[in-house]
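Everything on this sheet refers to the single structure shown next.
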Amino acid sequence: MSTEKEIRKAAEILSNAKNVAASCGAGVSAESGIATFRDPGGVWEKLNPAEVGTASGLVNALNQNAARFIPFFIELLEAFEQAEPNPAHTALGELEKMGILKTVITQNIDNLHLEAGNTDVIEVHGNGFRLACLSCANTDTCERKELIASVKERLRNLSEYSLSTLSTLLPQCSRCGKITRPDVVMFGEMVKDIPRAFDVAKKADAMLAIGTSGVVYPAAYLPFEAKGAGAPVIVVNPNENPFARISDAYIPLNAGEAMPQILDAVKALRK
Ligand SMILES: [Zn+2]
């Protein structure tokens, strides 16, 4: 099957749909400069998630080797600071405006789907720029670049590392003034909004699975859920097709390359 033909098939499916769900993995953000966590060269090659993926693990790592960890964290923060929505995000935003795409289910915490104009985004790993109060139920949404600039500044000025000094890196709760944490899923914590993600997948009239390795829960299951309920499945993934058994169209390209081509093909069909 040629890639062109698969793009046409994807466009035919989408042009007839109005309740599409997109399940997005790290591959969607890779082209925005955010390293995928599991790929070679990714974050977990440099850091052991069991070591630093929890609040106390982070404190230990800093106390043992701040000289190694601080520059790494600053580099990581800067990747999130400099990131911009890429053509895949933009195409998904446009598919929503056209009344085709309804919900994005994403593993990414970078806020880029919301910035690209998608309004119904299920963030199963949370959002790095939303702060959750540890004392009351309040959450505060911060401007991404502003928040990172202030965290970097405070991080550089920390002289000792403990849970209480780390808590001063983030703004306090706007409602009660107490300590906040990023509203993201840390290592060992439960993923968020899973019942809703499965419900959306089940009710979708087509499913797009983009840039997902097919091994991370729940992204690995959502296309099967949609397919089981009768929806066609479109897979965009350059490396392999993790959903080979159930895909109705498979585009073996990077998300930022594939999605604008699919969008153009949908527009051509709708003319
Ligand atoms: Zn509070």
Side-chain angles (χ1 to χ4, degrees), residues 24 26 29 32 34 37 43 47 49-63 66 69-70 72-83 85 103-200 216-218:
C24 296
S29 288
S32 294
I34 295 169
F37 281 69
V43 173
L47 290 181
E51 192 186 342
V52 299
T54 64
S56 57
L58 198 56
V59 171
N60 285 339
L62 285 167
N63 279 315
F69 284 111
I70 297 280
F72 179 78
F73 286 126
I74 301 241
E75 194 188 313
L76 192 61
L77 288 169
E78 281 173 347
F80 280 94
E81 184 179 27
Q82 287 153 16
T103 306
V104 172
I105 304 162
T106 185
Q107 295 169 62
N108 301 321
I109 61 164
D110 51 38
N111 202 51
L112 297 178
H113 287 294
L114 289 163
E115 291 177 35
N118 286 113
T119 55
D120 187 20
V121 182
I122 302 178
E123 299 166 308
V124 295
H125 291 167
N127 182 313
F129 311 99
R130 190 173 56 229
L131 302 177
C133 180
L134 295 181
S135 305
C136 73
N138 185 46
T139 56
D140 289 318
T141 300
C142 300
E143 202 284 316
R144 176 164 59 93
K145 293 179 192 233
E146 244 170 59
L147 177 68
I148 294 180
S150 101
V151 171
K152 276 196 316 189
E153 183 64 26
R154 294 183 207 197
L155 183 61
R156 286 198 182 100
N157 292 329
L158 274 194
S159 52
E160 58 161 294
Y161 309 106
S162 65
L163 284 177
S164 70
T165 60
L166 281 192
S167 71
T168 65
L169 294 176
L170 295 172
Q172 292 159 331
C173 171
S174 67
R175 191 199 281 169
C176 75
K178 299 221 169 97
I179 292 170
T180 62
R181 58 164 278 181
D183 195 13
V184 297
V185 173
M186 301 280 283
F187 191 73
E189 290 178 343
M190 291 277 290
V191 280
K192 295 171 184 279
D193 296 332
I194 294 307
R196 174 138 197 265
F198 276 93
D199 193 50
V200 162
V216 181
Y217 177 84

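Note that the structure is a prediction, hence the values are computed from the model and not measured. Both ligands and their constituent atoms are indexed starting at 1 by order of listing.
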| task | State, with a plain yes or no, whether a side-chain heavy atom of Cys173 is found less than 4.5 Å away from one of Cys136. | result | yes

| To the nearest 0.5 Å, what is the distance between CZ (Phe129) and OG1 (Thr141)? | 11.5 Å

| request: Would you indicate whether the side-chain heavy atoms of Phe80 and Leu147 approach each other to under 4.5 Å? | output: no

| Less than 4.5 Å apart, any side-chain heavy atom of Leu77 and any of Leu155? | yes

| Residue and atom, protein N/O/S, under 2.8 Å of the Zn ion (ligand 1) | Cys133 SG, Cys136 SG, Cys173 SG, Cys176 SG

| request: Working to the nearest 0.5 Å, report the span between CD of Gln172 and CG of Leu131. | output: 11.0 Å

| request: Write out all pairs satisfying salt bridge (charged side-chain N to carboxylate O under 4.0 Å, His left out) with one or both partners inside residues 127-145, taking only residues at least two apart or from two chains. | output: Glu84-Lys145, Glu115-Arg144, Glu123-Arg130, Arg130-Asp183

